[in-house]
Each structure stands twice: as structure tokens, then as C-alpha cells.
Number of protein chains: 2
Amino acid sequence: MSAASTPEATNRRAELLRIAGDLFAEKGFRNTTVRDIADAAGILSGSLYHHFDSKESMVDELLQSFQSELFAAYDEILASEQPARAKIEAAVRLSFAAIDQHHAEVAIFQNEADQLGRLERFSYLADRNKQSREVWMTLLREGISSGALRADLDLELAYRFVRDTVWVAVRWYRPGGDLTHDQVADQYLTILLDGIAS
Amino acid sequence: MSAASTPEATNRRAELLRIAGDLFAEKGFRNTTVRDIADAAGILSGSLYHHFDSKESMVDELLQSFQSELFAAYDEILASEQPARAKIEAAVRLSFAAIDQHHAEVAIFQNEADQLGRLERFSYLADRNKQSREVWMTLLREGISSGALRADLDLELAYRFVRDTVWVAVRWYRPGGDLTHDQVADQYLTILLDGIAS
DNA sequence: TAGCCTACCAAGCACTTGCTTGGGAGGTCC
DNA sequence: GGACCTCCCAAGCAAGTGCTTGGTAGGCTA
């Protein structure tokens with residue numbers, strides 16, 4: 001019925017979660033069937049329910065553990081002692097590192113957050129969304145007041161611009177490709193900070 | 001069996017298509033059932049098949065007519081006699097106008113192109129993707145060779161950056177909101193061209 | 001007024017969906 | 001060697017899926 005008493009004890013469970021996450025990221029949550037997951041794992045669909053309560057709980061676990069890790073890292077940057085511009089660069093780099101190391105989770109969050117967020121179980125997604133907004137707005141405000149960023153920026157639009165440009169890269173970036181995530185982050189930062197005009 | 005001999009003759013059909021498009025955009029294609037569409041239209045699901053062959057043909061018609069209109073407009077900009085920077089600005093503005101006026105179609109294309117593209121019927125989506133790449137790469141190259149854009153740009157990454165930042169706005173932009181699509185385009189262009197740094 | 005048309009309903013078919021049930025093979029612990 | 005545990009299979013259920021079928025009401029045309 002329930003999973004192992006200590007979830008981390010069994011790594012079969014962790015592997016099933018990884019397989020499910022990859023499929024959710026590739027085909028979408030609703031578009032991935034429990035039979036798809038079971039096939040990819042080499043077992044029958046019913047056997048998945050020895051490890052997990054439901055399909056929902058799989059994606060729930062993936063998103064929660066990823067987000068708690070991500071936001072802890074954001075908080076560290078916010079609390080650090082460095083110039084505003086360096087903080088922004090660090091936050092952008094962190095996001096690209098997340099795309100590299102937690103590709104499935106980022107993709108799932110980007111593609112399914114709107115849909116899942118309507119379910120009560122996933123109401124924390126809206127909270128994390130607000131939290132993300134506060135992180136970036138704080139960084140942008142610090143940047144403006146310190147003189148590192150243009151004072152004539154529309155804060156709200158600038159926030160959306162930064163947020164979107166950072167996370168949308170999950171659509172094409174593939175771990176192990178030509179460029180490392182830090183190289184991509186460098187290029188994005190030069191464009192974001194200084195623009196493409198000469 | 002088949003639809004009206006002249007599709008534009010009946011506007012009931014056009015309205016059903018609009019209703020379906022809104023639902024596809026909001027809930028996703030697979031996640032929208034023919035019963036959802038019929039409910040929203042106030043008829044029974046079977047009655048939809050008097051107007052359309054299949055659910056697939058509905059989204060097909062939406063995407064094809066939108067894209068043929070969009071790329072005709074891009075071609076006009078490419079062929080026009082104006083400086084490289086003005087062409088880029090025009091192309092960005094055109095994209096935001098499309099988000100405003102064809103919100104559902106843009107959202108569907110952004111969210112479903114990867115999935116639908118795997119079906120042979122929607123193989124033209126990949127062609128349009130290449131065509132879009134050629135449009136933007138041409139604009140960027142003209143910008144660099146004319147001196148309007150920085151010469152040290154990574155063309156490939158710059159293209160992805162521009163493409164993504166333009167279309168991803170469909171996620172939050174809502175027609176009839178605080179800002180017009182042209183105001184949003186202005187803000188995006190200042191950031192894209194000159195960056196957020198001071 | 002006969003023939004045809006558009007737009008729809010009522011019912012249901014074949015299939016897919018997430019999930020449940022009962023059980024069994026192989027290992028571990030005392 | 002008995003009790004327990006982990007991990008899985010075999011079979012199937014109820015709900016939901018896209019789509020089909022036969023039919024009907026009301027209008028338009030000759």
C-alpha cells in the first residue's frame with residue numbers, strides 16, 4: 001500500500017520517479033499514461049502502485065523536492081554580500097544550472113504548472129510563483145537603486161522578461177550538448193544586460 | 001457528412017472553430033475533449049462532426065490559416081526597403097500584434113507544436129519552424145553586417161533568445177489588458193536592443 | 001408540394017484511462 | 001523454519017475518449 005517507510009532507502013523507487021519525470025517532461029503529464037511509465041521501467045502498470053499512491057503523487061514529489069532545493073539556493077544569493085549586478089548574474093546562472101541538472105522538473109513546471117495549479121493539491125505552485133516574483137523583483141530593485149540597472153525600466157515587464165527568457169531555454173537546451181549551461185548563461189547575460197544593439 | 005461546400009459561407013462553423021481554439025489554447029489539445037467543445041457551443045458532441053471531420057482537423061485548420069497569414073507578413077517586412085534595425089523592430093511588433101489578435105493560435109502553436117509535429121499530418125509545422133529561423137537569421141545577419149547589431153553576437157543563441165522572448169509573452173499577455181501589444185513591444189525592444197544595465 | 005439542405009439530437013461502439021484486487025516468488029530476520 | 005517484507009504479475013473495473021449511426025425539425029427552392 002504505502003511506500004517504503006524510509007523513501008530514500010529504496011532506489012528502485014527513485015529510478016521509477018526519474019523515468020516518470022522524463023516522460024512527463026517529454027510528453028506532458030496528462031499525455032503520459034501509467035502504462036507508458038511502466039513500459040519504460042519494464043514492469044506492468046499495476047506494479048507502479050506498490051511504490052506510489054497515484055500518478056499525481058509522482059509529479060507532486062518531483063516538483064516539491066525540486067522547488068524546495070531551488071528556492072533555498074535563491075535565498076542564499078539574496079542573503080549574500082555582493083553587488084546587485086553580481087547577484088543577478090548569480091541568479092541567472094543558478095537557473096541555467098537547474099535547467100541542466102533538473103531538466104525534467106523544470107520542463108514539467110514550465111509546461112504543466114498552469115494546469116496542475118488548478119488542483120488544490122498543487123496550490124503551492126502559486127505560492128512558489130509569488131516567491132519567485134519576490135526574488136526577482138528584489139534583485140531588480142536593488143539593481144536600480146544601486147545604479148547598476150537602468151532607472152527607466154518598467155519593473156513588472158522587466159521581471160517577466162527575465163523570468164521568461166531564463167526558463168524558456170528548457171525548450172531547446174539539452175544537457176550534454178555543444179554548450180555548457182554556464183556558457184549559455186554567459187551569452188544570455190550579455191544580451192540581457194547590454195542588449196543586442198551596437 | 002462533409003462541411004459546407006464553401007467553408008466561409010457558414011459562420012456557425014467559424015464560431016465553432018473559435019470556441020475550439022480558445023479551449024485548445026487554455027487546456028491543451030489532448031486535454032480538450034470534443035464534449036468540452038460541444039458543451040461550450042451548446043450542442044452535443046456528435047453534432048460537431050457535421051461541421052468537421054475530426055478534432056485534429058479543427059486544430060489543423062486553425063494553425064494553417066494563422067501561419068500562412070503570419071509568414072506572408074514576415075515576408076513583406078523582409079522584402080521592404082528600410083534599415084536593418086527598423087526591420088527587426090517591425091518583426092517584433094508584428095509578433096506581438098499576432099499574440100494580440102490571434103492569441104489562441106499562438107498559444108496552441110507554442111504549447112502543442114512539439115507534440116503535433118510528430119504526426120505526419122502536421123509535418124508542415126517543422127517547415128514553418130525552419131522558415132521562421134531563416135527569417136530571423138536573415139534579419140540578425142543584416143543587422144550585424146550593417147553595423148546596427150553587435151558583431152560579437154552568437155547568432156544561433158541570439159536567434160533563440162529573440163524567438164523565445166517574443167513568443168513566450170503569450171503566456172501572460174491578455175488582449176484588452178493594461179498595456180496594448182504595441183506598448184509591450186516597445187518595452188521588449190528597448191530591453192532586447194539596449195539591455196537592462198545602465 | 002415535393003425534394004433537398006443545414007444543423008442538430010439520441011444512442012451507442014470500440015477503445016483507453018487511472019486504479020484496484022488477490023496473489024506469488026524470493027529474500028531477510030529471529 | 002515460520003513470519004515477515006519487498007517487488008512484481010495477472011486480471012479486470014468504472015469512467016471517459018473520439019467518432020459513428022440513424023433520424024428529425026425547419027427552412028429554401030422549383
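Proteins come first, then strands; the chains are lettered A, B, ... in the order of their sequence lines, and each starts at number 1.
Taking the charged nitrogens against the carboxylate oxygens, A:D36 and A:K27 do have a contact shorter than 4.0 Å, which makes a salt bridge.
Note on B:Y49: a side-chain N or O is less than 4.0 Å away from OP1 or OP2 of D:dC19. Taking 4.0 angstrom as the limit, B:H51 places a side-chain polar atom (N or O) nearer than this to OP1 or OP2 of C:dC8. For D:dC8, one of the phosphate oxygens OP1 or OP2 lies less than 4.0 angstrom from a side-chain nitrogen or oxygen of A:R12.
Nearest heavy atom pair, residue B:E26 against residue A:Q115, reads O-NE2, 3.0 Å. When every heavy atom of B:T32 is checked against every heavy atom of B:K55, the shortest pair comes out as O-NZ, 2.7 Å.
With DNA chain C read from its 5' end, the first of the two nearest nucleotides for B:S45 and B:A41 is the one closest to B:A41. For the pair A:G46 and A:T33, nearest-nucleotide mapping onto DNA chain C gives the more 5' position to A:T33.
No donor-acceptor distance shorter than 3.5 angstrom exists from the side chain of B:R133 to the backbone of B:E156, with no hydrogens or angles considered.
With C:dC19, C:dG12, D:dC7 as the choices, the nucleotide that has an atom nearest any side-chain atom of A:S54 turns out to be C:dC19. Comparing C:dC9, D:dC19, C:dG18 by their closest approach to the side chain of B:S47 singles out C:dC9. Of the listed nucleotides (D:dC8, C:dT6, C:dA10), C:dA10 has the atom at the smallest distance from the side chain of B:L44.
As a whole-Å value, the separation of A:R30 CZ from C:dT17 C1' is 9 Å. D:dC19 atom P lies 14 Å from atom CG of B:D36, rounded to whole Å. The distance between atom NE2 of A:H50 and atom C1' of C:dG24, rounded to the nearest whole Å, is 14 Å. Rounding to whole angstrom units, CG of residue A:L16 and C1' of D:dC8 are separated by 11 Å. For the pair A:F52 CZ and C:dG18 P, the interatomic distance rounds to 15 Å; values are reported in whole Å. Put simply, CG on B:L23 is 13 Å from P on D:dT17, counting in whole angstrom units. The distance from atom NZ of A:K55 to atom C1' of C:dC19 is 12 Å, rounded to the nearest whole Å.
Considering A:H50, A:H51, A:E61 in turn, A:E61 is the only one that fulfils the side chain to side chain donor-acceptor pair (under 3.5 Å) rule with A:R13.
On a pure distance criterion of 3.5 Å, no polar donor-acceptor pair joins the side chain of B:R35 and the base of D:dG16.
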